[in-house]
Amino acid sequence: MNNRLLFPAVVAAALLGWLIAMVAGDITTLNETAELLKTIFLSALRAIVAPLIFFSLISGILRLGDATELGRIGGSTVLYYLMTTSIAISLGLIGVFLVHPWTYTEAVTSLPTTGQELSLLRGDGMGIAGLLANVVKSTLINPIAALSQTNILALVANAVVIGVALLLVTEKEGSIRRGIATITNALFKITGWIIWTVPIGVLGIVYQLTVVTDMSLVVQLLSFSLLVVVMTLIHGIIVLPSIAYFIGNMHPLKFFAHAARPLVVAFTTASSAATVPVTLQAAENLGVRKSTLSFVVPFGATANMDGSALFEGIAAVFIAYLFGIDLGTIEIVVIFFAAMAASIGAPGIPSGSMVGMQMVLIAVGLPLEAIGILLIVERPLDMIRTACNVEGDLAGCTVIDRFSHASTDDEDSISEANPQASVVA
């Protein structure tokens, strides 16, 4: 993203919007121009989100290597990622329900939307069985239809099934896997181009916001940002070091001593992918075997995004309140699983989690205009959650290395204690 242009665009749009609202009232030409800028940005996002989610999830699964790696290192890695991501999302949602500081001001229900978002889960008057049946019906459709309809639930389900099947039947360095990786990289490249249009889209969105709202939106954004920062720090300072200590047998002081450098790099670059070389060195300094860190760290750079998942869970509830949309139990559950799925295969680049954020918003029928609102405070939050993502990779290395090699270490100790047994074997 062109961050040098983003802040000036926000300031210019806000000043223009407030000036028009106070002095001139409504100017049709400016309003139409703002709508055009917003439409260009959001249409580009909608065009890329479905294929990007589909192929990035398949590519993330194929990074496991082959079926044998699913057993030892791969199996431990996936279980660890699911565990820590679930904890992160749960922590974020608990923070939302206990604190939700933005509710002390009125919801900005007059925000303009395109009206094109559709939740597949809303069913007023339905019971739980009816809602679940609606979910299953919306999920079990063919991938072509899912892509054309931007049906996120069906896209995720199809991507997981196809990804696992390809993992089992294709060669590790075969042409099919290389082709999927190439397509995924091409989609990430296109996403990068779209991200360069962010200042244009934000210019139109922020102008519309300032015409119809007041300073309450700024207060709500600050409250939201503070909650995200606090919950991310709790996860990074308490949860992850505790996991590394109690499960990975790694003392917190030693862990942070070696994790400091990759955390600083992750914070300053806001890119977990750019931090991979430093993270690999830190994992080796922590005593992690090369066979473990060479798999866990690169895979985690795109598939283990605790900070991003936590952010997306909080952001979805925040946006729902902002637009005056009620979320029921089913929608909260979908936010949980959508945020978890969105954290898999997300590009490890600055603002890469905004791709997953689209997935979460669409899954529960929230407007994509929210992307423009979140981008106002995106950069500092992205830096903090990227550091959390990288810390999760390092904590995972300690846990996965301990358990994936436990049986091997036991066999080695038995062989050393009884050499004749190994000869007989």
Side-chain angles (χ1 to χ4, degrees), residues 59-85 167 170-174 177-178 181 185 236 240-266 269 271-306 343-348 386-416 422:
S59 181
I61 293 172
L62 292 179
R63 284 194 185 95
L64 288 171
D66 54 39
T68 58
E69 291 187 51
L70 281 171
R72 188 165 60 87
I73 297 178
S76 301
T77 303
V78 171
L79 287 175
Y80 169 80
Y81 289 169
L82 292 176
M83 176 186 71
T84 57
T85 304
L167 183 68
T170 59
E171 298 178 359
K172 186 174 182 179
E173 301 297 333
R177 296 196 187 188
R178 290 200 304 269
N185 290 335
L240 290 176
S242 298
I243 291 174
Y245 178 68
F246 290 108
I247 304 180
N249 199 26
M250 180 62 61
H251 195 278
L253 292 179
K254 180 181 179 181
F255 177 77
F256 279 114
H258 292 292
R261 187 180 176 190
L263 290 182
V264 170
V265 174
T269 63
S271 172
S272 54
T275 313
V276 165
V278 185
T279 308
L280 287 170
Q281 183 62 49
E284 188 172 0
N285 293 338
L286 286 170
V288 179
R289 294 171 177 85
K290 288 188 177 181
S291 60
T292 300
L293 62 89
S294 62
F295 174 79
V296 174
V297 173
F299 185 48
T302 56
N304 183 38
M305 303 286 183
D306 291 357
S343 67
I344 301 173
T386 301
C388 182
N389 294 340
V390 171
E391 183 187 355
D393 295 340
L394 281 173
C397 283
T398 65
V399 172
I400 295 162
D401 190 61
R402 180 185 179 189
F403 284 92
S404 63
H405 292 278
S407 59
T408 304
D409 293 341
D410 291 341
E411 290 174 2
D412 291 342
S413 62
I414 291 173
S415 298
E416 292 174 0
S422 61

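In what follows, every heavy atom counts, from backbone to side chain, and hydrogens, waters and symmetry copies are set aside. Not measured: the values here are computed from a predicted model. Positions are given from 1, in the same order as the sequence printed here.
- Taking all atoms of both residues into account, the shortest heavy-atom contact from L240 to C388 is CD1-O, 3.8 Å.
- Inter-residue side-chain proximity for V399 and M250 is flagged as unmet; no heavy-atom pair is nearer than 4.5 Å.
- Nearest heavy atoms, G236 versus P241: O-CD, 3.2 Å.
- A salt bridge is defined here as a Lys NZ or Arg NE, NH1 or NH2 lying under 4.0 Å from an Asp or Glu carboxylate O, and E284 with K290 meets this definition.
- The two atoms that bring C397 and T292 nearest to each other are O-CG2, 4.1 Å, heavy atoms only.
- Judged purely by atom type and a 3.5 angstrom limit, Y245 has no side-chain atom pairing as donor or acceptor with the backbone of P252.
- Using a 4.5 Å heavy-atom cutoff, the side chains of P262 and Q281 are not in contact.
- The backbone N or O of I247 lies less than 3.5 Å from a partner atom in the side chain of R402, making a donor-acceptor pair.
- Side chain of Y80 to backbone of I400: no donor-acceptor contact under 3.5 angstrom is found.
- Once rounded to the nearest 0.5 Å, the distance linking CG of N304 with CG of D393 reads 5.0 Å.
- Using modelled atom types, one side-chain atom of T279 and one backbone atom of T275 make a donor-acceptor pair closer than 3.5 Å.
- Checking side-chain atoms of T85 against main-chain N and O of L82 turns up no donor-acceptor pair under 3.5 Å.
- The minimum heavy-atom distance between V296 and G396, with the atom names listed, is CG1-C, 4.5 Å.
- With sequence neighbours left out, T84 forms a side-chain hydrogen bond (donor to acceptor under 3.5 Å, both in side chains) with D306.
- The backbone N or O of T170 lies less than 3.5 Å from a partner atom in the side chain of R177, making a donor-acceptor pair.
- Side-chain atoms of N285 never come within 3.5 Å of backbone atoms of H258 as a donor-acceptor pair (strictly under, hydrogens ignored).
- Between the N185 side chain and the A181 main chain, a donor and an acceptor come within less than 3.5 Å of each other.
- Taking 4.5 Å as the limit, every side-chain heavy atom of L394 sits out of range of all side-chain heavy atoms of E391.
- Interatomic distance, F255 CZ to S242 OG, rounded to the nearest 0.5 Å: 10.5 Å.
- Contact check for N249 versus T398: no side-chain heavy atoms found under the 4.5 Å cut-off.
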